[in-house]
Every structure is written in C-alpha cells, then in structure tokens.
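For this chain, numbers begin at 1 and follow the sequence in order.
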Amino acid sequence: MIASVIDLNADLGEGFGRWTLTDDEALLSVVTSANVACGFHAGDPATMRRVCAWAAERGVRIGAQVSYRDLAGFGRRAMDVPPEELAAEVAYQIGALEVFARAAGSRVSYVKPHGALYNRTVHDAEQAAAVVAGVRLACGTGAGAEAEGTAAGGAAGGAPGGAPGGDAGGLAVLGLPGSLLLSAAAEAGLPAVPEAFADRAYTPEGTLVPRREPGAVLHDPDQVVAQALALVRGGAGRSLCLHGDTPGAVELAGRVRRALTDAGVRLAAFA
C-alpha cells in the first residue's frame, strides 16, 4: 500500500556569485523542504538569504546542507577531516544559515550532509559522530562534547537562546536509511529521518551508485516517476529527494509531485 504522506526535498542555493546552478524559485513551488547550500560546497551569503526568504514565503522548511570545505570540487571529493574540526565546520554552516532563516521569519529545521560527506557518513562511524556533534553544537546541546565517542551519546535537550531546533528538542538529521549517520543521530536524541532518491540509482546493498559510474543519475522522466512511486509505495523513507542540478529539473520535479498526489499521497514536511 502506498504511503499516505511524504516530504519532497531538493538541494537549493547551489550557486556562487554570478554563477547559478539551480532554479531555486521554481523548485520552491514544488518541494516541501529545501536543502540550502551553506557556503562550503556552494552558496554565498546573498544566495542563502534569498533562498531562505523565498522558502519562508512559501512555507517550505529550511534545512542546512552541510559539506566538506570543497568549493572547487562541489563537495564531491573525498576528504579526511579531523572529527573536532568537522564538528566545528558543521556547526558553523548551520549557524550561518540560521541567521538568514531567522531574518526571513523562519528557522533551520533540519540538517542534511552533501555529496562526499553524505556518502562517507553512511559507513564511517567517526565522521558520522562528528556531524552529529556539529548538529548538537549548533543546537546548543553539544558544547564540550568530543566528536570521538561522546559526541553521539546522551540525550539532546532543548536548545537555549533560540538556537536552531530549539522548539523541537533538536534539529532533525536527514540521511540514507541504515546509515551510521542516522544511528548516531538517534542515539543522540535527535530526530533521524530516512530519505529516498527519485533520480538516483541504487546498489544491491541499498546505497547510492557513485556518480562516477554510468547510470548513477536517472534522466528519463518516466523512469524517475516510476521509481518515486515504487519507493514511496515501499516505505523507503519519510522524505523523497529530487535533485535540482539535472537538466529539466523543475519539470521533472513537477511530474513527480503530480504523480504522487494523483496516487493519493499527501505532501507534508517532516520537520
């Protein structure tokens, strides 16, 4: 039986200066959650501010898409970042986006790693714990916690002083089902939200096919729609990701949204 409710998320704000990659304004009329680039793989202050304002106007939830510090490689290059440094950089990115979200009358509701960091935290316990430590630090619940070992332990309390996630007991963490990232988030008392990908190919183990391999990204609209319906029907996640940097992304996202609503699925943000 097909799921009755699903969130649609997309990666937005992935430009820099005069260079733009995604049609943010159009996609914000389709999705229910926006993963906003925070400056480490893409994005700049003006873009972050603009996307947050558009998202707030449309009632779209704002999420921080945190990344390794890799503008030149668009956050898709493997890196070995010490846990304490990574935790600080994650918190820094969340805090930067929160400024613009608040200015727009909204808040950062969740965190999703990008690119190489997303894939690394599927199976790397140390990097996953560091990301969670950074989330807790941004929420005001992780001060003094070490990324190694203690960062993912203990319950997260309410965030003081209007920190991100303060009204919900901590920011939600969006990630791949079965990943060490979601396990670390749950152990830390943060909402751990599994997501599926409408336009990415999967390995038999349930991970994403690396982008360097042929067929890693699905481009045929009928195939994307069919996979989206199958994933939602199978309960593969609470959120469904639609990439905004592929050709015809807006039209494709619209087709997926219409197919879901025609199938009786209610669209609603998870955070």
Side-chain angles (χ1 to χ4, degrees), residues 7-76 86-115 117-118 131 134-140 159-168 170-174 193 195 239 241-246 249-250 253 269-271:
D7 169 71
L8 292 180
N9 78 77
D11 302 342
L12 303 178
E14 291 185 324
F16 196 85
R18 296 179 62 185
W19 177 75
T20 58
L21 179 63
T22 53
D23 189 343
D24 297 326
E25 193 168 15
L27 283 166
L28 282 166
S29 297
V30 178
V31 301
T32 49
S33 294
N35 318 319
V36 184
C38 300
F40 272 39
H41 76 280
D44 56 57
T47 300
M48 293 163 67
R49 182 179 185 182
R50 183 168 58 249
V51 174
C52 284
W54 286 339
E57 289 172 1
R58 293 160 175 77
V60 174
R61 296 292 189 272
I62 296 171
Q65 188 170 42
V66 298
S67 171
Y68 287 128
R69 188 190 294 269
D70 182 27
L71 274 174
F74 197 63
R76 290 179 177 164
L86 179 57
E89 291 189 343
V90 166
Y92 179 92
Q93 292 175 77
I94 297 168
L97 187 64
E98 176 72 2
V99 169
F100 299 120
R102 280 184 165 274
S106 185
R107 304 187 73 168
V108 174
S109 299
Y110 66 95
V111 176
K112 174 182 175 177
H114 165 82
L117 183 57
Y118 186 96
V131 171
V135 175
R136 295 185 68 219
L137 180 59
C139 293
D167 294 338
L171 290 167
V173 176
L174 187 61
V193 183
E195 71 167 336
S239 185
C241 181
L242 304 166
H243 282 95
D245 60 348
T246 53
V250 175
F270 60 83

* Any side-chain heavy atom of Asp11 within less than 4.5 Å of one from His243? -> yes

Heavy atoms, side chains only, cut-off 4.5 Å: are Ser33 and Lys112 in contact?
no

Between Ala34 and Val60 the two heavy atoms that sit nearest each other are N-CG1, 3.7 Å

Rounded to the nearest 0.5 angstrom, the CG-CD distance for Leu12 and Glu14 is 7.5 Å

Practice problem: Would you check if the side chain of Arg61 reaches a backbone N or O of Ala271 as a donor-acceptor pair within less than 3.5 Å? | Solution: yes

Q.
Less than 4.5 Å apart, side chain to side chain, heavy atoms only: is that true for Phe74 and Leu21?
A. yes

- Indicate yes or no: at least one non-hydrogen side-chain atom of Arg58 is less than 4.5 angstrom from one of Glu25. yes

Is atom OH of Tyr92 surrounded by more than 12 heavy atoms (other residues, nucleotides or ligands) closer than 6.0 Å? no

When Glu89, Gln65, Gln93 are each screened for side chain to side chain contact (heavy atoms under 4.5 Å, CB included) with Cys38, the one that passes is Gln93

### Task
Compare all side-chain heavy atoms of His114 with those of Phe40 and state whether any distance is below 4.5 angstrom.
no

When every non-hydrogen atom of Cys241 is compared with those of Glu195, the smallest separation belongs to CB-OE1, 3.5 Å

Side chain of Thr32, backbone of Leu8: donor and acceptor closer than 3.5 Å?
-> yes

Tell me, do Ile62 and Phe100 make a side-chain contact under 4.5 Å, heavy atoms counted? no

Rounded to the nearest 0.5 angstrom, the CG-CG distance for Asn9 and Leu27 is 11.0 Å

**OP:** Take Ser239 and Asp7 through the side-chain hydrogen bond (donor to acceptor under 3.5 Å, both in side chains) test and state the conclusion after the steps.
**Re:** CA-CA 4 Å; Ser239 185; Asp7 169 71; 2.5 Å; yes

Heavy-atom closest pair (Ala56 atom, Ser106 atom, distance to 0.1 Å) is CB-CB, 4.1 Å

Scanning both residues in full, the closest heavy-atom pair of Val90 with Val66 reads O-CG1, 4.0 Å

Quiz item: Any side-chain heavy-atom pair from Val193 and Tyr110 closer than 4.5 angstrom?
Solution: no

For Ala64 and Ile94 the tightest heavy-atom approach is CB-CG1, 4.0 Å

d(His41 NE2, Arg76 CZ) to nearest 0.5 Å is 8.0 Å

In terms of heavy-atom contacts, Val131 and Pro113 come closest through CG1-CG, 4.3 Å

